[in-house]
Amino acid sequence: QVQLVESGGDWVQAGGSLRLSCAVSGPSFSRNVMGWFRQPPGKEREFVAAVSTSGASTLYHDSVKGRFTISRDNAKNTVYLQMSSLKPEDTAVYYCAAGRFMSSQARSMDYWGKGTLVTVSS
């Protein structure tokens, strides 16, 4: 059973930075593609970024390209999302997810964390 626990969510002013972490327990972390999704208030969940099993390949939503960086440390069973130049529209609950395929589709992910709240004030 794979379990994911996000941390690092906080309140930050526009233009600021945050780093989210997702600790993963259970077998075969290094064989899972990892992703970050987010759900803004009153909106549906949306894709943010994904990273391949080795960390060599990444995928980003256009709205975060150049501002967010996804990475993973397979020795620590942890995936990160470094967020910079934050905007009020980045306000959301951020979810970590694990799956078998590199995709922006939430349905491609098999396991989910419970989320961490990021609030960006203007």
Side-chain angles (χ1 to χ4, degrees):
Q1 183 73 12
V2 177
Q3 293 184 321
L4 298 83
V5 180
E6 303 94 336
S7 62
D10 206 343
W11 177 92
V12 63
Q13 287 192 322
S17 299
L18 279 176
R19 188 176 82 156
L20 305 183
S21 299
C22 174
V24 182
S25 61
S28 306
F29 170 77
S30 63
R31 294 206 290 265
N32 282 313
V33 169
M34 298 300 300
W36 286 96
F37 291 74
R38 66 187 181 186
Q39 186 164 15
K43 297 185 179 180
E44 294 190 351
R45 192 173 300 189
E46 62 186 27
F47 171 74
V48 176
V51 61
S52 63
T53 54
S54 68
S57 297
T58 56
L59 184 66
Y60 294 95
H61 189 276
D62 285 347
S63 65
V64 306
K65 280 182 182 177
R67 300 189 300 122
F68 291 11
T69 301
I70 187 171
S71 62
R72 65 190 295 161
D73 186 337
N74 285 347
K76 295 183 178 180
N77 281 18
T78 303
V79 62
Y80 305 98
L81 185 69
Q82 179 68 47
M83 306 185 293
S84 60
S85 301
L86 283 161
K87 305 175 182 179
E89 51 263 43
D90 294 318
T91 295
V93 177
Y94 283 72
Y95 297 91
C96 177
R100 290 162 289 168
F101 309 107
M102 281 285 279
S103 171
S104 62
Q105 301 299 311
R107 61 176 179 266
S108 70
M109 296 296 176
D110 299 316
Y111 302 99
W112 292 84
K114 294 184 178 181
T116 186
L117 177 63
V118 172
T119 303
V120 184
S121 67
S122 57

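Heavy atoms only: backbone and side chains are in, while hydrogens, waters and symmetry mates are out.
- Heavy atoms only, all atoms of each residue included: Ser103 and Gln105 are closest at OG-N, 2.9 Å.
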Next item on the list: Dump the intermediate steps for salt bridge (Lys or Arg N to Asp or Glu O under 4.0 Å) on Lys87 and Asp90, then the final yes or no.
Entry: CA-CA 5 Å; Lys87 305 175 182 179; Asp90 294 318; over 6 Å; no
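- With sequence neighbours excluded, no residue satisfies ring pair (Phe, Tyr, Trp, His ring centres under 6.0 Å) with Tyr94.
- Considering all non-hydrogen atoms of both residues, Leu81 and Ala49 come closest at CD1-CB, 4.3 Å.
- Remark: Asp10 CG to Thr119 OG1 distance equals 8.5 Å, nearest 0.5 Å.
- Transitive grouping of hydrophobic side chains (ILVMFWY, heavy atoms separated by less than 4.5 Å) keeps Phe47 and Tyr60 in distinct clusters.
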Could you pull out all donor-acceptor pairs under 3.5 Å where a side-chain atom in residues 18-37 meets a protein atom, sequence neighbours excluded?
unit_1	atom_1	unit_2	atom_2	d
Ser28	OG	Arg31	NH2	2.7
Asn32	ND2	Ser28	O	3.3
Trp36	NE1	Tyr80	O	3.4

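- Here the NZ atom belonging to Lys65 is positioned 9.5 Å from the OG1 atom belonging to Thr58, to the nearest 0.5 angstrom.
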Notebook entry, point to check: So Tyr95 and Met109, side chain to side chain contact (heavy atoms under 4.5 Å, CB included) or not? Walk me through it.
Noted result: CA-CA 11 Å; Tyr95 297 91; Met109 296 296 176; over 6 Å; no
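- Legend: residues meeting side-chain contact (heavy atoms from CB on, under 4.5 Å) with Lys43, ordered by chain and number and at least two apart, are Pro40.
- The CG atom of Leu117 sits 13.0 Å away from atom CH2 of Trp11, with the distance rounded to the nearest 0.5 Å.
- With Thr78 contributing its side chain and Lys76 its backbone, the two residues share a donor-acceptor pair below 3.5 Å.
- Within the 3.5 Å criterion, the main-chain N or O of Cys96 finds a donor-acceptor partner in the side chain of Glu6.
- Expressed to the nearest 0.5 Å, how far OG of Ser108 lies from CE of Met102 amounts to 10.0 Å.
- A side-chain donor-acceptor contact under 3.5 Å links Arg72 to the backbone of Ser52.
- From Ser57, atom OG reaches atom CD1 of Ile70 across 11.5 Å, with rounding to the nearest 0.5 Å.
- Side-chain contact between Arg38 and Val118: absent, with no pair of heavy atoms (C-beta onward) separated by less than 4.5 Å.
- Of the inter-residue distances, the one linking Ser17 atom OG with Phe68 atom CZ reads 9.5 Å to the nearest 0.5 angstrom.
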